[in-house]
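A quick write-up on the structure given underneath.
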Amino acid sequence: MSAVPALKPASVAPLRQQIEATLGERMPGAFRVYDRTALEMAASGVAAFDALTGGLPRGGLTEIFGAASSGRSTLLVAALAAATARDETCCLIDAGDSFDPESAAAAGVRLEKVLWVRCGRVASDELRVMSKSRTVFTRDSRLATRHYTRIEQALKAADLVLQAGGFGLVVVDLAAVAVEAARRVPLASWFRFRRAVENTRSVFLVVSAAPLTHSCATLAVKLEQAAVSSEVSASSTAYVVGNGKLVLGPPHAQLLDNVQWGIEVVRAQAARRKAAQGADFVAHF
Amino acid sequence: MLFGAIYVSDLIAAAVMRTEPVLREQPLAVLEGAPPLTRVCAVNAPAREAGVEVGMPKLQAAALGGLVLRMRAPAQEAAATAALQDCAHAFSPRVEPLAADTMLLDATGLERMFGAPPRLGREIAQRAAAMGLEVNVALAANREAAIHAAQGFAGVTVILAGEEAPRLGSLPVELLATNNEPQRHASHPPAKAAGRVGHPAAGSGTEEFLQTLASWGVRNFRGFAALPTAGVAQRLGQRGVALQKLARGEGSEVLLATEPPLRFVEALELEHPVELLEPLAFLLARMLEPLCARLAARALAADELTITLTLDTAVQEEQIEPLRHRAMESLKTGVQSLNDSMARSPNFSRVLRFPVPLLDARVFLKLLQLDLQQDPPPAPVLKLRLEAIPARPQVAQHGLFEPIAPAPEKLQLLLARLAGIVGVGNAGAAELEDSHRRERFVVREFAAASSELRATSKDKKCSQPTAHSSQLATRIFRPPLPATVDVRGGRPVRVVCHDARGFTGDVVWAAGPWRASGEWWKEQISSSSFLVSSSSAPALSSSPSDSRFPEVQLTARCAEARPKKHSQHESAALAPPAMEVNIGGYQYPVVSGQLPVAGETHTAAAKAVAIAAAETARLKPRPSENENGRRDAGANFVSGFAREEWDVAVCPHKKRPMTLAGRSLANEPPQPELVLYRLVWETQSKEWKVEGSYD
């Protein structure tokens with residue numbers, strides 16, 4: 001078995017020039033150097049998040065994931081509030097049908113600017129999607145129908161929304177669906193979404209319980225709970241730390257006051273990787 | 001002055017060819033009359049060359065090979081006439097409809113906009129072609145010359161002033177006689193006029209006139225114009241003199257402009273019923289193109305599109321029944337409007353309403369396709385009718401710095417497609433209702449906000465989230481998850497959720513309860529339903545009447561006894577003076593006095609009641625517990641409220657792996673994980689439910 005001789009740097013450059021000269025005209029795309037331009041960032045509505053990541057990248061796919069009560073919905077609602085405050089039209093594809101308009105409105109979301117797509121509300125046996133265009137106008141023709149699951153509905157809706165364009169923020173909320181089902185979404189789908197949102201001014205946001213988009217994400221952020229506190233009075237604060245130990249419980253009829261969450265950047269563009277990787281933000285009730 | 005005349009030769013055949021353009025190249029004969037008296041009433045040019053004549057019986061016409069036969073469709077002819085009129089109005093506001101097939105327009109001054117008269121004529125012909133009509137256009141200095149030229153010469157004809165006589169000289173004299181019958185312009189029944197043009201059955205006076213000219217050897221305008229006027233007057237009378245003037249190219253310069261009501265209707269009658277959506281889409285496309293062209297000719301768009309399908313009359317009653325049902329459902333949901341008569345008739349109607357006026361045949365077609373896919377007609381289709389309600393098109397000046405928003409056409413298509421995926425009514429904009437019910441919102445149709453609806457800077461400032469903290473968001477479980485909750489000391493301590501998404505965990509923190517009654521005052525409830533009792537304290541009750549909250553009455557009763565009203569004095573002696581009452585989700589104590597009126601702002605009323613209550617003692621209902629520590633849903637419980645809400649922090653029980661990558665986790669501290677839930681105790685059904693989570 002003969003060893004491959006190592007090429008010296010001096011001999012590589014002419015070889016490369018020769019290859020480019022030979023194949024450059026036939027395959028120009030293979031040798032073209034693409035300049036990665038810095039993406040425009042949109043404010044997320046959470047100052048700590050913006051300070052850490054620079055905001056939500058326009059024309060990119062942003063993923064926010066975390067366990068329940070990790071602040072993902074709060075961040076989602078804050079992003080919707082910030083986008084609608086900029087008078088942008090938003091779309092929320094709610095795979096789990098768990099969006100709460102009341103709390104969103106309280107957070108400053110202008111609901112009339114948000115197209116809310118509620119997936120999974122129609123039972124599969126009631127939803128009739130006629131097969132292509134070969135539809136006979138008889139009752140029997142309705143047997144030729146297709147049924148979509150929640151996630152299929154969400155993905156198809158996302159395709160349509162991105163295809164239509166014109167939305168400042170498009171959110172696919174998979175946090176309320178089972179992680180196992182969400183993980184079955186092929187990576188090609190996320191890649192297609194990323195390609196669809198490229199060269200647009202839309203922010204494409206995926207909210208989930210676990211990382212789904214992997215290398216397709218322009219920015220991936222993990223959220224986790226830091227502390228939950230309830231203000232008993234002006235002078236004393238009760239904290240419940242995450243290990244389940246009750247430090248001081250709130251009295252009857254005391255509202256949940258402050259929840260603190262941690263943000264960790266899992267994936268970001270190279271320019272942002274050098275930034276601090278963690279921050280906290282606080283939500284009040 | 002410049003007059004323009006637009007003429008459609010063989011309007012009856014042209015109306016058929018307008019809806020079936022493929023028939024332009026084929027010999028076509030249009031039939032009318034009931035069998036066995038069915039005869040040809042109109043033919044196109046290829047059929048005429050093939051020897052088909054008007055008035056020929058159907059059997060005789062059918063004997064000619066390759067001839068396409070169609071029945072006469074008055075609706076299509078009316079649509080063709082309307083299209084012709086819209087074509088004329090696209091160039092001039094002053095239009096006189098002379099007949100169903102002839103329009104006269106005032107073309108004076110149009111040179112500035114469209115150029116020289118020949119170019120104007122070509123523009124008119126092109127516009128008519130876009131509407132599916134092949135027309136003759138003539139421009140002349142007087143109206144009669146323009147009309148004769150349009151009816152006599154094919155294509156575009158321009159006659160300059162003073163050249164009328166030599167240009168019109170070659171026209172047959174029959175045109176002069178039949179076109180200027182005394183009663184022709186007095187009233188214009190469109191179908192009748194069209195029939196006369198297609199079948200020039202002249203009156204007896206006209207026949208006599210033509211026979212006289214034929215006996216003189218006069219065949220065309222030139223020959224008739226060359227006759228001495230005195231001799232014509234002596235032999236043909238005043239009508240002959242008037243016709244001779246017209247033959248010489250003289251005419252009037254009067255135009256009687258009329259403005260008929262705008263109706264944009266296209267209809268199509270089918271020879272055979274259509275059963276599939278795909279061919280139906282082709283037919284719809286054929287109708288939508290000229291419809292949009294007509295709207296564009298009037299500088300209008302459509303904000304509503306109605307499609308009416310006449311179904312095969314042989315449809316079975318069992319197929320009609322679902323149609324009725326769907327029609328009534330559509331009425332309920334407000335998505336479409338169908339009246340009862342429609343539901344009972346074999347007509348199937350759908351209405352598409354657009355938030356902004358649209359003018360794009362492809363968008364209309366796609367929307368109709370999606371709508372018919374959602375709700376297809378239950379039987380084959382025999383007739384189609386499309387009607388567009390015109391509206392002024394939305395004119396928007398887009399700026400560089402305007403926020404991005406979807407285009408109206410694309411948004412409509414998107415909403416229709418989304419409805420096909422997630423169901424009608426599941427894609428829209430949420431709108432909060434002024435209510436205290438749970439899930440107090442409705443999903444409205446989404447529309448891109450116009451500039452008038454944009455928030456003012458003051459509103460934006462109010463709605464901006466704060467820079468340093470965010471509003472805690474809630475995630476709702478729809479439907480709420482059933483749960484079993486252990487209660488100890490009046491507080492939940494352990495939650496077991498039975499749903500597939502369920503969990504089991506210890507409550508490490510709880511706040512509540514917040515009692516909510518919903519809009520109980522709008523419901524017909526008995527006087528005892530607003531009742532608070534506890535094991536150690538007498539009961540309190542109030543009696544809500546029609547629309548106002550009555551004065552609170554304090555009632556003493558045993559736990560098992562039925563509520564019995566007492567005077568306020570007696571009750572006050574027995575019961576604590578005040579209690580916590582949640583009216584419509586707000587929590588404030590109730591004292592003896594007038595409660596807030598339903599519909600008023602609750603904030604002020606609540607404040608007033610709260611101030612009054614501050615001086616009084618507060619009743620803390622103490623729900624009892626059974627031996628197992630679970631809440632007893634018996635009589636010793638607050639029964640005047642529909643629900644109690646608790647905010648709890650739950651530490652879920654999870655099976656932790658003992659090892660991770662070969663490393664023992666026995667001594668590792670547990671990972672911090674708390675989930676904040678909203679627990680609800682439904683007092684009516686006596687069930688615990690997990691309504692949502694703070695996320």
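Just so we're on the same page: letters track the sequence lines, and every chain starts at 1.
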Looking at every heavy atom in both B:Asp695 and A:Ala67, which two are closest together, and how far apart are they? OD1-O, 4.1 Å

Smallest separation among heavy atoms of A:Gly165 and B:Pro406, with atom names: O-CB, 3.4 Å

May I ask you to name which of A:Val161, A:Val114, A:Leu76 has the most heavy-atom pairs under 4.5 Å with chain B? A:Val114

Quick check: does any side chain N or O of A:Thr74 sit under 3.5 Å from a backbone N or O of B:Ala473, one acting as donor and the other as acceptor? yes

Given heavy-atom pairs under 4.5 angstrom as the criterion, report whether the side chain, backbone, both or neither of B:Leu415 touches chain A. side chain

Heavy-atom pairs under 4.5 Å with chain B: which of A:Leu115, A:Leu160, A:Val77 has the most? A:Leu115

Gap between atom CD of A:Glu152 and atom CD1 of B:Ile421 - 0.5 Å precision: 10.5 Å

According to the salt bridge (charged side-chain N to carboxylate O under 4.0 Å, His left out) rule, which pairs have a member within residues 171-180 of chain A, sequence neighbours left out? A:Asp173-B:Arg475

Of all of A:Ser103, A:Ala104, A:Gly166, which one pairs up most often with chain B through heavy atoms under 4.5 Å apart? A:Gly166

Validation row: B:Phe441, A:Trp116 side chains within 4.5 angstrom (heavy atoms): yes

Report yes if the side chains of A:Gln163 and B:Lys410 come closer than 4.5 Å at any heavy-atom pair, otherwise no. no

Separation between CZ of B:Phe477 and CG of A:Asp97, rounded to the nearest 0.5 Å: 12.5 Å

From A:Ser73 OG over to B:Ile476 CD1, what is the distance, rounded to the nearest 0.5 angstrom? 10.0 Å

Under a 4.5 Å heavy-atom cut-off, does chain A meet the side chain of B:Val443, its backbone, both or neither? side chain

Which pairs count as salt bridge (charged side-chain N to carboxylate O under 4.0 Å, His left out) when at least one residue sits in residues 411-432 of chain B, sequence neighbours excluded? B:Glu431-B:Arg444

Based on non-hydrogen pairs under 4.5 Å, which of A:Ala43, A:Ala154, A:Ala164 is most in contact with chain B? A:Ala164

Report yes if the side chains of A:Thr89 and B:Phe446 come closer than 4.5 Å at any heavy-atom pair, otherwise no. yes

Can you find a heavy atom in the side chain of A:Leu111 that is under 4.5 Å from one in the side chain of B:Leu432? yes

Can you check whether A:Phe99's main-chain N or O pairs, donor with acceptor, with B:Arg478's side chain at less than 3.5 Å? yes

Using a 4.5 Å cut-off on heavy atoms from C-beta on, say whether the side chain of A:Phe167 contacts that of B:Leu414. yes

